[in-house]
Every structure is written in C-alpha cells, then in structure tokens.
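Report on one structure; see the data block that follows.
Not measured: the values here are computed from a predicted model.
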Protein chains: 2
Amino acid sequence: MRLLPHPATADIELTEVLRALADPVRLEIVVRLSVAGELNCTVAGDDLGVHKSTASHHYRTLREAGVLLTKQMGRLKYMSLRRDDLESRFPGLLDSILAAALTQPSAPAATQDQPDAPARLDLDPAGAARADAHAQP
Amino acid sequence: MRLLPHPATADIELTEVLRALADPVRLEIVVRLSVAGELNCTVAGDDLGVHKSTASHHYRTLREAGVLLTKQMGRLKYMSLRRDDLESRFPGLLDSILAAALTQPSAPAATQDQPDAPARLDLDPAGAARADAHAQP
DNA sequence: GCAAATGTTGGATGCCCATCAAACTGACTT
DNA sequence: AAGTCAGTTTGATGGGCATCCAACATTTGC
C-alpha cells in the first residue's frame, strides 16, 4: 500500500478547491465519496457519462487541489475525501458544499438510460469489495 | 432606482456559484462586498489589477451566478451580496467561503506597487458616498 | 509467460474564459 | 449642446480545460 503525492494541508488553496468542486462531474465524484467513504476509480466513475480517461483526469484535479486522498493497493486505487484536512483548513466549507450538493442533485448522464430508476446513487455493491480489500492488501 | 435582472433564488445553481467564486479576482470582489456591504463598480474594482472592462465582466458573472445584486441609482451602480438568498438556498456556504477567504487573503496585483502598505483593504472612503447616495436618489 | 483488469498518459480537438483596448451608452453637469 | 463620468459591449487574443481515443504501465490470475 502506498500513497500518491498530495499537497500538504497548509498548502491547500481556497480557489483551487472551489475550482475543483465547480465541475458537475467532479462534484458528483465528491458526493459519492462522501456517501461511500472510500471508492476505487472504477466504482467512483461508474455511470458518470464520461470516458474513463476523463474521470482519471478529474481524480488528478481533485487530488492536486487537496480534496481527496488516493492510496494504491495492489492493482486498485482507493480514493477518499480529506475531510479532516479540509475542515481544519477551511472550517465548514466542505460540509456546506456537500449539504448543498445533496439538496440539489446533479443527474449523471448515464441515468438517462433508465428514466424510471428509483434511486440515483447505487454504491452499495462496492461496500463488500472495499471491506475485503482492506482486510488483506 | 432600478434593479438589473437577476436569477431567482430557486434558480441559483451550486456549481455556478462555486465557479463564480473560484476566480481570485471575483473572490476578492465578494470579500470587499462582504466587508463594505455595498459598493459601486469603481470602488469595488479599485486596485484589482485588471482593466475596468474585465472587472465589469466579473460583475456580470457574479450577478448571473446569483451571488450579487446590482441596482442602478442615477449614473452609478451599486452591488451587494445576496446573503439571505444564498443562505436560504445553500445554508452556511457563503459564510464558510468568506471565512476561508479572510484567513487566506489573496493579494491584489496593485498592492505590489506599495509593498509597505499597512492594510490591504481600504474601503472606508466609499462609506460616506454610499450613505449620501442612498439618502436622495 | 500470457492474458485480463485497472488506471494513467499522450496527442488532438473544440470550447470556454480571463484579459485588454477601443468604441459605445446613459446620466449628470455646465 | 457639449463635455464628463460610470460602466458596458464588442472584437481580438491567448491560455486553460473537458473530452475522447489510442497506447501504455502495472498488477493479478491462469
């Protein structure tokens, strides 16, 4: 298990964080991470409506802005929000943005394929896999 | 006195607000408005380091995102933050961003002309003018 | 070793945007 | 009416960015 390079908490800049979260796709990724806690790239980017390389680009943007933390475990990379770091640097910021995003959900493009889908967020299938992955890297 | 067109509170979108505030110049404008309450374009754009037409473009962006409100009084236009509207739409969002921006001040470009300047925000001179302007339009 | 799975990287493309300069509009002043 | 002030609009320009596709790197499994 190894961590990818991230900016130090003190180096996180407000405008970079805001710019990172101002993109609907990236905001959706952050919302998913806030719900699931930790996701690998495939699950986090599922049904986002963008190519996987585009999603990878967004992960990089979010990581370099200091919003999320990425650790590699075997062939998978798990991402999680830097909640504590962001809270200490910009108190209340992430929470208010997440709360706002949850009251104003952005429809992922792929959701249009099934207009009658009851719920828009379907992250549970990854839960078991995550738990397993953490047990024995 | 007449108001310029603004989006309704319910139409304010989170990503638009974040995108509007993700620019250092626009964030500085918002910070100034949060301190002064109300400013005309000339004062709000003073020492920002950008051309006045660029500043005007930023005012438009902020207004169309629903961040600020503009009313014309005679030959001047006064801008103010839509604090209540934003608070009701995205509770805590603006306050946390303003608090973060105040702890991490962005240096306006023109400040470099006077490196020994004691304070970076000099908005009081407009205070009297504002009060006068409101008395008798 | 070979193949599959998981992401990343490297063009390529097209769009959006921040910026400036100049011209313009609207309102007040003389 | 002419001039001035405050701000906007209209190109023009340059840079950044979101996106895709294809190729690559790395790890795991047979």
In whole angstroms, the gap separating P of C:dA18 from CG of B:L27 amounts to 13 Å
**Prompt:** Does A:R26 have a side-chain nitrogen or oxygen under 4.0 Å from the phosphate oxygens OP1 or OP2 of D:dA18?
**Reply:** yes
Here the distance between atom P of D:dA6 and atom CG of B:L4, to the nearest Å, is 18 Å
message = Using OP1 and OP2 only, check whether a side-chain N or O of A:H58 sits under 4.0 Å from D:dT19.
response = yes
In terms of heavy-atom contacts, B:N40 and B:Y78 come closest through N-CD2, 3.6 Å
The nucleotide from D:dT8, C:dT19, D:dA22 with an atom nearest the side chain of B:K77 is D:dT8
| request: Measure from the side-chain N and O atoms of B:R19 to the backbone N and O of A:D23, and report whether any donor-acceptor pair falls under 3.5 Å. | output: no
Separation of C:dA5 atom C1' from A:M73 atom CE, nearest Å, is 17 Å
To the nearest angstrom, the CD-C1' distance between A:E64 and C:dT8 comes to 13 Å
Contacts of A:T70 and A:R75 projected onto DNA chain C by closest heavy atom; the upstream (5') one is A:R75
With a 4.0 Å limit, can you tell me whether A:H51 has a side-chain N or O closer than that to the phosphate oxygens OP1/OP2 of D:dT19?
no
Taking C:dA22, D:dC20, C:dG7 as options, the one with an atom nearest any side-chain atom of A:L76 is C:dG7
Separation of D:dA18 atom P from A:L21 atom CG, nearest Å, is 12 Å
Distance below 4.0 Å between A:R60 side-chain N/O and C:dT9 OP1 or OP2:
yes
Counting neighbours of CG on A:D84 that are heavy atoms of other residues, nucleotides or ligands and sit closer than 6.0 Å, is the number greater than 12? no
Nearest heavy-atom contact between B:D47 and B:R32 is O-NH2, 3.8 Å
Closest to the side chain of B:C41, out of C:dA18, C:dG10, D:dT8, is D:dT8
Quick note, B:T42 side chain, CB onward, closest among C:dC20, D:dA6, C:dT9 is D:dA6
Rounded to whole Å, NZ of A:K52 lies from C1' of C:dT6 at a distance of 7 Å
If only side-chain N and O atoms of A:N40 are considered, is one of them under 4.0 Å from the OP1 or OP2 phosphate oxygen of C:dT6?
-> no
The answer to which of B:Y59 and A:Q72 contacts DNA chain D further toward the 5' end, by nearest nucleotide, is B:Y59
Between the side chains of A:D95 and A:R83, is the shortest nitrogen-to-carboxylate-oxygen separation below 4.0 Å, so that they form an ion pair? yes
Of D:dG7, C:dA21, D:dT19, the nucleotide closest to the side chain of A:T54 is D:dT19
Between CD1 of A:I29 and C1' of D:dA18 the distance, given in whole Å, is 12 Å
To the nearest angstrom, the OH-P distance between B:Y78 and C:dA27 comes to 16 Å
